[in-house]
K.L.:
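Before anything else, here's the structure in question.
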Amino acid sequence: MAGDTPVEALTDEQARVELDRLAREIAAADRAYHQRDAPEISDADYDALKRRNAAIEARFPHLVRPDSPSRTVGAAPAEGFAKVTHAVRMLSLGNAFEVVEITEFDARIRRYLGLVADSPLTYTAEPKIDGLSLSLRYEGGALVQAATRGDGETGENVTANARTINEIPTRLDGAPDILEVRGEVYMAHDDFAALNDRQAARGDKTFANPRNAAAGSLRQLDPAITRERPLRFFAYGWGELSDALAETQKGAIDRLGKLGFPTNPLTALCDGPDEMLAHYAEIEEQRATLGYDIDGVVYKVNDLALQARLGFRSTTPRWAIAHKFPAELAWTRLEKIEIQVGRTGALSPVARLHPVTVGGVVVSNATLHNEDYIAGCDAKGNPIRDGKDIREGDWVQVYRAGDVIPKVADVDLSKRPADAQPFEFPNACPECGSEAIREEGDAVRRCTGGLICPAQAVEKLKHFVSRAAFDIEGLGAKQVEQFYRDGWIREPADIFTLQERFGSGMQQLKNREGWGEKSAKNLFQAIEERRKIPLDRLIFALGIRHVGESAANLLARFYVSWENFRNATSNATVGEGPEWERLTGIDGVGPVMATSLVTTFHQKAEREVIDRLVQHLTIEKAAPRGAVDSPVAGKTVVFTGSLEKMTRAEAKARAEALGAKVSGSVSAKTDLVVAGPGAGSKARQAEKLGVEIIDEEGWLGLIGDA
Ligand code: IVH
């Protein structure tokens, strides 16, 4: 805090001491903000420190320090880690909590592969380690690169840090020439406790849990620090390989073990759901004494040829699933209910809680979902929690499962304060005062302020610059808020005129708290780099309701160019006409998403914001669905009759992965009919229309799978 003595009353000596303290405090704040992404003081407090420093220097010019905060411009921005594009994407896992979900998982796989109920199907079952995933690349037996998962496609290059982890071999004997080993970096309980003691003794930051400690230790810029941190590693998978490791998952893991990687001793082979669940129970029983955190059990199809046939959905493999341990619970006081406004105007109630530890993590906020949830009913008016409502001051049960946002699950009426009042959900937006309405069938109340609502505008901008969208380095959520407050960026287009509006000098930004010459220059350069943007990222970045990352990708691949997409969505009419049919004909685009897209482009203000943005961009066309060189890309294919080498689901997924559109009925638009034994009316229809008909062998030959 700034000193209390008025500047006029300071003696020379007092001024010198205070300037010294201010220099240190401001430098520390700069480091927290720029290098650790973790501001420790508010903007207002920071400003106060800088003003105090300037005032003292103005009165005592002879005391200005060489390292004065008025001379240095912020801290050098953290160099950050270089980015690494993964040769093979790093995926995540689907989650299951209930026993039936495991039998369904097995049934789904059997259906997909066309296996009958009693034919054998073996799985591996192993603990799901609660750490962070790491991909280690070996070439010619030497560790050449280590990368975090990042968004799955690009991660951070943490090679220097990974080399300091004892459990990670830097040289391998007898390994495939190219080998990417994937696994989890974690910290054991004992090591975590000792680390926190050391940190506390030194007055350094302590970590909330072993996972954070592991992540913080690996993802920091000084390998010497990583070396001091007791990190461990379990290998559980692989990425690129020049030669297969084995024919089975278990065989491959054993091979990694022989090459010198730690593998989890609780990995077992299980013949079907009963054995998987039995092993789950065993692991759960040992959980408390393992000495490291696990949050569930991962099941994987053991046969690697079957894994290959099963393949992936957009972000998760079909051949694996994470069976999570039940959520953790705790009771605490609900101090206040606050309303947050999201980028689509949704008013979300957030519970501010008296801090409580839930499964090792301190929780002070939890979601209350929506107004019905607070009132004690679901969207159809059926009671939930036996119809008990939730009030400020209540004693509530907080529930946390894995990484998901904690939620308020229950309320103890016997502890309700006598004066607690039912919560009145606002009908007006707390941010802009516009009416907040609930449309029929919508559980959520939304601000109608649209672009005039500052909360929506800021959230939209944050989404715009987020990692899967424009991903502008140096322009994160915090900076967007700062620029919005200052009126420098009000809509996405403003980002691209920022430098031009500042003129060449960059003086204004440079003088801003938290910005120095270098960070300003880097920011403008990062913005320049993003003037060229792939179509799918742009569509996702627009933040249109219901259009997530994978939908944006589908749309981009379908429309290929921005012009096509813009024309189609602007010309379509909700519910009718050929453009609407085309849009809703895209596999994965339903009427709800289509309506959202069309209404967005029909709103003048929204459309203008988008058009203003697009002027500044060079939009890269998307590759049409599937590999460009696939002979079936862009073709409409119909499967009919029975297939012998694969199931219908598998055939459809394969065809779609190659860029074909699979349809259920034959029409003039059909390009190809794959007819197996027993094909009937569809084959006849195809003949009548002159559509090409081939058999399963012909199809496999065509797609190069014969
Ligand atoms: S397999 C393609 N096995 O869990 C699937 N993941 O929720 C690759 N994890 O990103 C993952 N223990 O960081 C696998 N035994 C295990 C795991 C494991 C922990 C992590 C991993 C992954 C995340 C998905």
Side-chain angles (χ1 to χ4, degrees), residues 86-97 101-102 105 109 123-136 146-156 158 162 167-168 180-188 209-212 214-215 218-219 231-241 245 248-250 252-254 256-257 261-270 276 279-280 282-284 286-287 290-304 306-325 327 401-404:
H86 297 298
V88 176
R89 270 204 309 153
M90 287 182 82
L91 293 148
S92 78
L93 290 168
N95 286 335
F97 287 93
E101 293 176 82
I102 305 310
F105 168 68
I109 288 179
Y123 296 88
T124 57
E126 73 206 54
K128 182 168 189 301
I129 317 297
D130 199 5
L132 73 156
S133 45
L134 185 67
S135 186
L136 301 166
T148 61
R149 184 170 105 176
D151 62 3
E153 293 197 12
T154 344
E156 288 169 331
V158 292
E167 292 196 338
I168 293 179
E180 280 182 10
V181 176
R182 291 184 175 169
E184 203 82 349
V185 173
Y186 68 100
M187 198 177 280
N209 54 47
R211 209 199 79 83
N212 287 0
L218 186 68
R219 296 183 60 250
L231 293 175
R232 294 169 184 262
F233 183 75
F234 274 128
Y236 53 64
W238 55 90
E240 193 181 346
L241 290 174
L245 290 168
T248 60
Q249 176 75 30
K250 183 74 169 63
I253 297 304
D254 289 346
L256 292 178
F261 294 93
T263 60
N264 198 290
L266 289 172
T267 308
L269 283 175
C270 302
M276 287 146 80
H279 195 58
Y280 173 91
E282 196 164 306
I283 292 177
E284 194 176 23
Q286 295 193 36
R287 183 181 186 188
L290 285 177
Y292 51 87
D293 279 350
I294 64 173
D295 57 352
V297 175
V298 185
Y299 307 124
K300 299 172 185 168
V301 169
N302 190 39
D303 183 331
L304 297 183
L306 296 183
Q307 282 191 9
R309 276 180 63 191
L310 286 157
F312 300 88
R313 287 187 224 88
S314 58
T315 58
T316 57
R318 284 196 190 83
W319 44 265
I321 199 163
H323 187 178
K324 305 292 278 284
F325 292 133
D403 284 343
V404 297

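Remember, it's 1-based here, ligands and their atoms both numbered in the order they're listed. Along the sequence shown, the residues carry numbers beginning at 1.
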K.L.:
Indicate yes or no for a side-chain donor-acceptor contact from E126 to the backbone of T267 under 3.5 Å, with no hydrogens or angles considered.
P.N.:
no
K.L.:
Can you check whether Q249's main-chain N or O pairs, donor with acceptor, with N302's side chain at less than 3.5 Å?
P.N.:
yes
K.L.:
Test your reading of the model: is there a side-chain donor-acceptor pair from S135 to the backbone of A147, 3.5 Å cut-off?
P.N.:
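A pair under 3.5 Å: no.
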K.L.:
So, does R149 use its side chain to make a donor-acceptor pair with the main chain of S133 at under 3.5 Å?
P.N.:
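It does not hold such a pair.
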K.L.:
Scan L93, I102, I109 and name whichever one has a side chain to side chain contact (heavy atoms under 4.5 Å, CB included) with Y299.
P.N.:
I102
K.L.:
Any protein N or O within less than 3.5 Å of an N or O in ligand 1? List each pair with its distance, or say none.
P.N.:
{"unit_1": "ligand 1", "atom_1": "3 (N)", "unit_2": "K300", "atom_2": "NZ", "d": "3.1"}
{"unit_1": "ligand 1", "atom_1": "4 (O)", "unit_2": "K128", "atom_2": "NZ", "d": "3.1"}
{"unit_1": "ligand 1", "atom_1": "7 (O)", "unit_2": "K128", "atom_2": "NZ", "d": "3.3"}
{"unit_1": "ligand 1", "atom_1": "10 (O)", "unit_2": "R149", "atom_2": "NH1", "d": "2.9"}
{"unit_1": "ligand 1", "atom_1": "12 (N)", "unit_2": "I129", "atom_2": "N", "d": "3.0"}
{"unit_1": "ligand 1", "atom_1": "13 (O)", "unit_2": "S133", "atom_2": "OG", "d": "3.3"}
{"unit_1": "ligand 1", "atom_1": "13 (O)", "unit_2": "E184", "atom_2": "OE1", "d": "2.7"}
{"unit_1": "ligand 1", "atom_1": "13 (O)", "unit_2": "E184", "atom_2": "OE2", "d": "3.4"}
{"unit_1": "ligand 1", "atom_1": "13 (O)", "unit_2": "Y236", "atom_2": "OH", "d": "3.2"}
{"unit_1": "ligand 1", "atom_1": "15 (N)", "unit_2": "E126", "atom_2": "OE2", "d": "2.7"}
{"unit_1": "ligand 1", "atom_1": "15 (N)", "unit_2": "P127", "atom_2": "O", "d": "3.2"}

K.L.:
With sequence neighbours excluded, tell me which residues meet salt bridge (Lys or Arg N to Asp or Glu O under 4.0 Å) with E284.
P.N.:
none
